[in-house]
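A, B, ... follow the sequence lines: proteins, then strands. Residue 1 opens every chain. Values in this document were obtained by computation on a predicted structure and should not be read as measured data.
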Amino acid sequence: MARILITSALPYINGIKHLGNLVGSQLPADLYARYMRARGHEVMFICATDEHGTPAELAAAKAEQPVDIYCAEMHETQAALARGFKLSFDHFGRSSSARNHALTQHMAGRLNAAGLISEVSEKQVYSNADRRFLPDRYIEGTCPNCGYERARGDQCENCTKQLSPTDLVEPHSAISGSTDLEVRETKHLFLRQSTLRDKLDAWIDTKTDWPILTTSIAKKWLHDGDGLRDRGITRDLDWGIAVKDGDNDWPGMEGKVFYVWFDAPIEYIAATAEWADANGLDDAAWRRWWREDEGADDVRYVQFMGKDNVPFHTLSFPATQMGANFDGSEPWKMVDYIKSFNYLNYDGGQFSTSQGRGVFMDQALSILPSDYWRWWLLSHAPESNDSEFTWENFQASVNKDLADVLGNLVSRVTKFCRSKFSEAVPEGGDMGAPEAQLIADLTSRIRSYETLMEGMEVRKSAAELRAIWALGNEYLQEAAPWSVFKTDPAQAAMQIRLALNLIRLYAVLSKPFVPDAAAAMMDAMGADDWRWPEDISDALTTLPAGHAFTTPDVLFSKITDEQRDDWAARFSGVRA
RNA sequence: GGGCCUGUAGCUCAAUGGUUAGAGCAGGGCGCUCAUAACGCCUUGGCUGGGGGUUCGAAUCCCUCCGGGCCUACCA
């Protein structure tokens, strides 16, 4: 039995996430967590809302709420949606938690003790009307290069020229439109990650099994130009974690908070502490997952994220962890494998939170149960490339895979048994060559499925699982119990007994992908044996003759053309 | 501008430089009648974006052109 620590990239707090966000981190992480638990491993699956930063403050202002209330409510909204999608987090924390405040301040103190923090005085744009410093991209104006009137302070979207806010003609706040801007001097802390470049580079070099997408991004940042640059880790905001040097005040940093990207990854650790608190456990309970000197030396740590998150997880956060262990006294568990995803597009364009384009988690659950979404999203996960959601493809895949191949199998077996025998596993007959062949085929495919799941090959795992389902239909076609029954009822009984056991087996195998359907299948079989099938022959004799079952309702109803067209129209525009 | 990824059947995707480029869906044919008009078997379909090169051999490696995407460090 292994110990596996799994974290999903933290969903940002400023609204309900869309299906692209879901499939890029939380959903595949859940698939992996569920599978590893099913295999008997000890799993810690952590996620949390990422609550700090300018966009959170602005979203709260737009909602006319204090930012702490806004975040608390939105956290609960996101937590409820996570439950709705059956995301099996051991804990779904908040980066604004007391635990994260303390740990982030502690980490900063360690980095300071290591000599890895420098103070830099810089000039930034302050908006008097908004009473806040504005990040570059929140300043708009006319591009001096091409004349585009809505260029942002970091880059012109029209001509792609890199800009600084002072380059803009007639600059104004993107928030209020105010032109009452001034350049102010402000002091910030920088993480001197440039001094860790060689260590990080060597560390990345050991990760030969990581996806190219992951390592190439890290390498780019390490070697581009002058190499890895130091990074500001504080901001002039109200909402966030106060800048402290461990438990002590940080002179000159009064009123400032840590940058959201500094405290967000630390929340992976802090959320595990929140988990311990929520379960009445002591600190040792979470530290054995995160401190190599306190039990985490045998932990395998896997992170899931979209490709946009890679630089922070390959460089900034590792730099924080390495730096905090400068004297060897705090060996924090670092990531062993990063599974990164491309983007899911929506019907020819991008999903967009800001533009309200696509299907959002709450909308998805309002029209169909979570299993439908889980199956489609996972079986089409954007692993090697960006992939695309279309309603036609969604309807076709779901109807064929879930309703026809799996759902109908359950239906035909249980209804046949009910009509020809009873709602109990029938007795009689002996297995022969066709059954031996089925078991051999299942064994081969299940071993392949296991290998793919362990390797986090999401799409291929889904394809293999589907092929495993199809073996059931192939067997029934060949065995033809409806014909055999007429001449040899005992033989037909054996065939159906096997098929009923197959349903239970499929419940076990399918649970990581479609947990609700799996539970319905297991429940219909009147069983609660979720042990992973080591020996397939044994697994197919779990339900003995005479064991009562129930014939379930239709497991997956089909998506009609009318529904598909209705949804396509309803979600074609911009979210209200 | 720079860097990286990518282009394979109508669609969504596979294929350590090595038989005749494979699956699923869609299309066509046959079979079956237990089942959600479901299932099974067979089958059509490809100048692997264009062009050039390396090699005994290229979807794969190199060059170039065309198309799509991401990143470019103050959104997160």
Side-chain angles (χ1 to χ4, degrees), chain A residues 9-14 50 52-56 58 122 124-125 133-139 152-155 159-162 164-165 174 188 193 211-213 215-217 219-221 223-225 228-232 235 259-261 264 306-312 315-316 342-343 345 350 353-354 379-380 382-390 392-393 396-397 399-405 407-420 457 459-460 462-463 466-467 470 472-483 485 492 495-496 499 553-558:
Chain A
L10 307 187
Y12 196 62
I13 196 69
N14 67 338
D50 178 13
H52 298 135
T54 305
L58 297 180
E122 47 183 22
Q124 288 196 352
V125 174
F133 282 94
L134 298 176
D136 290 355
R137 67 170 47 206
Y138 282 102
I139 300 158
R152 296 187 317 202
D154 56 342
Q155 185 177 45
C159 68
T160 74
K161 186 177 177 58
Q162 307 254 346
S164 85
H188 282 296
Q193 52 187 15
I212 293 173
L213 179 68
T215 50
S216 65
I217 292 172
K219 285 291 182 181
K220 169 69 161 47
W221 283 49
H223 299 295
D224 190 43
L228 188 62
R229 290 177 232 167
D230 294 341
R231 197 174 178 98
R235 292 290 183 272
Y259 176 42
V260 56
W261 260 114
K307 56 186 169 184
D308 52 329
N309 275 328
V310 167
F312 304 99
L315 301 169
S316 307
N342 289 285
Y343 292 143
N345 291 318
Q350 293 191 341
T353 302
S354 57
S379 62
H380 293 78
E383 287 178 294
S384 55
N385 245 322
D386 289 357
S387 65
E388 175 154 328
F389 176 92
T390 65
E392 289 76 16
N393 188 303
S397 295
N399 285 355
K400 193 71 195 170
D401 298 346
L402 295 182
D404 295 345
V405 177
N408 183 56
L409 174 73
V410 173
S411 194
R412 66 194 296 203
V413 169
T414 53
K415 286 181 179 171
F416 179 82
C417 187
R418 182 175 64 182
S419 81
K420 298 294 193 265
E457 296 271 11
R459 300 176 80 127
K460 289 181 181 176
R466 195 199 120 104
N473 285 316
E474 291 166 25
Y475 169 75
L476 283 180
Q477 183 65 29
E478 190 194 345
W482 49 90
S483 299
F485 181 79
Q495 293 167 339
I496 288 300
D553 294 333
V554 166
L555 213 51
F556 296 99
S557 40
K558 294 203 189 191

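Straight-line distance from the CD1 atom of A:Ile217 to the C1' atom of B:C4: 8 Å, rounded to whole Å. A straight line from NE2 of A:His52 to C1' of B:C75 spans 16 Å, rounded to a whole angstrom. Atoms CG (A:Leu555) and C1' (B:A38) sit 14 Å apart, rounded to a whole Å. What separates NZ of A:Lys307 from P of B:U72 is a distance of 12 Å, to the nearest Å. When rounded to the nearest whole Å, the span between OH of A:Tyr343 and P of B:U6 equals 16 Å. One atom, CG of A:Asp401, and another, P of B:U36, lie 19 Å apart when rounded to the nearest Å. As rounded to whole Å, 15 Å separates atom P of B:A73 from atom CG of A:Asp308. In this structure, A:Gln124 atom CD and B:A73 atom C1' are separated by 14 Å, rounded to whole Å.
Side chains of A:Pro55 and A:Tyr138 form a contact here, defined as non-hydrogen atoms less than 4.5 Å apart.
Rounded to a whole angstrom, the distance from the C1' atom of B:C39 to that of B:A76 is 48 Å. B:U54 and B:A59: their P atoms are spaced 16 Å apart (whole Å). Nucleotides B:A14 and B:U6 place their P atoms 10 Å apart, quoted to the nearest Å. With P as the reference atom, B:U48 and B:A58 are 12 Å apart, rounded to whole Å. Taking atom C1' on both nucleotides, B:C63 is separated from B:U44 by 38 Å, rounded to a whole Å. For the C1' atom pair drawn from B:G52 and B:C47, the interatomic distance equals 15 Å after rounding to whole Å. Between B:G24 and B:U20, the distance separating the two P atoms is 22 Å to the nearest Å. Between B:G49 and B:U12, the distance separating the two P atoms is 15 Å to the nearest Å.
For B:A35, the OP1/OP2 oxygens have no side-chain nitrogen or oxygen of A:Arg418 closer than 4.0 Å. Residue A:Tyr259 places at least one side-chain N or O under 4.0 Å from the OP1 or OP2 atom of B:A76. Residue A:Lys460 places none of its side-chain N or O atoms closer than 4.0 Å to OP1 or OP2 of B:C13.
With a cut-off of 3.5 Å on both Watson-Crick or G-U wobble distances, the partner of B:C25 is given as B:G10. Partner assigned to B:A58 is none, using Watson-Crick or G-U wobble distances below 3.5 angstrom. Using Watson-Crick or G-U wobble geometry with both donor-acceptor distances under 3.5 Å, B:C30 finds its partner in B:G40.
At distances below 3.5 Å, not a single donor-acceptor pair connects side-chain atoms of A:Asn14 with backbone N or O atoms of A:Ala56.
Residue A:Asn408 places a side-chain atom within donor-acceptor reach of the base of B:A35, judged by atom type and a 3.5 Å distance cut-off alone. Looking at A:Glu383, its side chain has no donor and acceptor atom pair within 3.5 Å of the base of B:C13.
Counting non-hydrogen atoms under 4.0 angstrom, A:Phe133 reaches nothing in the nucleic acid.
A:Leu134 CG to A:Gln124 CD: the interatomic distance, rounded to the nearest 0.5 Å, is 9.5 Å.
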Dump the pairs, protein N or O against N or O of nucleotides 7-12 of chain B, anything under 3.5 Å, distances to one decimal.
| from | atom 1 | to | atom 2 | distance (Å) |
| --- | --- | --- | --- | --- |
| B:U12 | O2' | A:Arg459 | NH2 | 3.2 |

Using nucleotides 30-34 of chain B, report all nitrogen or oxygen pairs with the protein that are shorter than 3.5 Å.
| from | atom 1 | to | atom 2 | distance (Å) |
| --- | --- | --- | --- | --- |
| B:G31 | N2 | A:Gln477 | NE2 | 3.1 |
| B:C32 | O2' | A:Trp482 | NE1 | 3.4 |
| B:C34 | O2' | A:Arg412 | O | 3.1 |
| B:C34 | O2 | A:Arg412 | NE | 3.0 |
| B:C34 | N3 | A:Arg412 | NE | 3.3 |
| B:C34 | N3 | A:Arg412 | NH2 | 2.5 |
| B:C34 | N4 | A:Arg412 | NH2 | 3.2 |

Problem set entry | A:Tyr259 and A:His188: CA distance, side-chain angles, deciding distance, side chain to side chain contact (heavy atoms under 4.5 Å, CB included) verdict | CA-CA 10 Å; A:Tyr259 176 42; A:His188 282 296; over 6 Å; no
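Using a 30° and 60° split on the angle between ring planes, A:Phe485 and A:Phe416 fall in the perpendicular class, above 60°.
Toward the 5' end of RNA chain B, the nearer of the two residues A:Leu402 and A:Ala264, judged by each one's closest nucleotide, is A:Leu402. Nearer the 5' end of RNA chain B, as judged by each residue's closest nucleotide, is the contact made by A:Trp221, out of A:Trp221 and A:Asn309.
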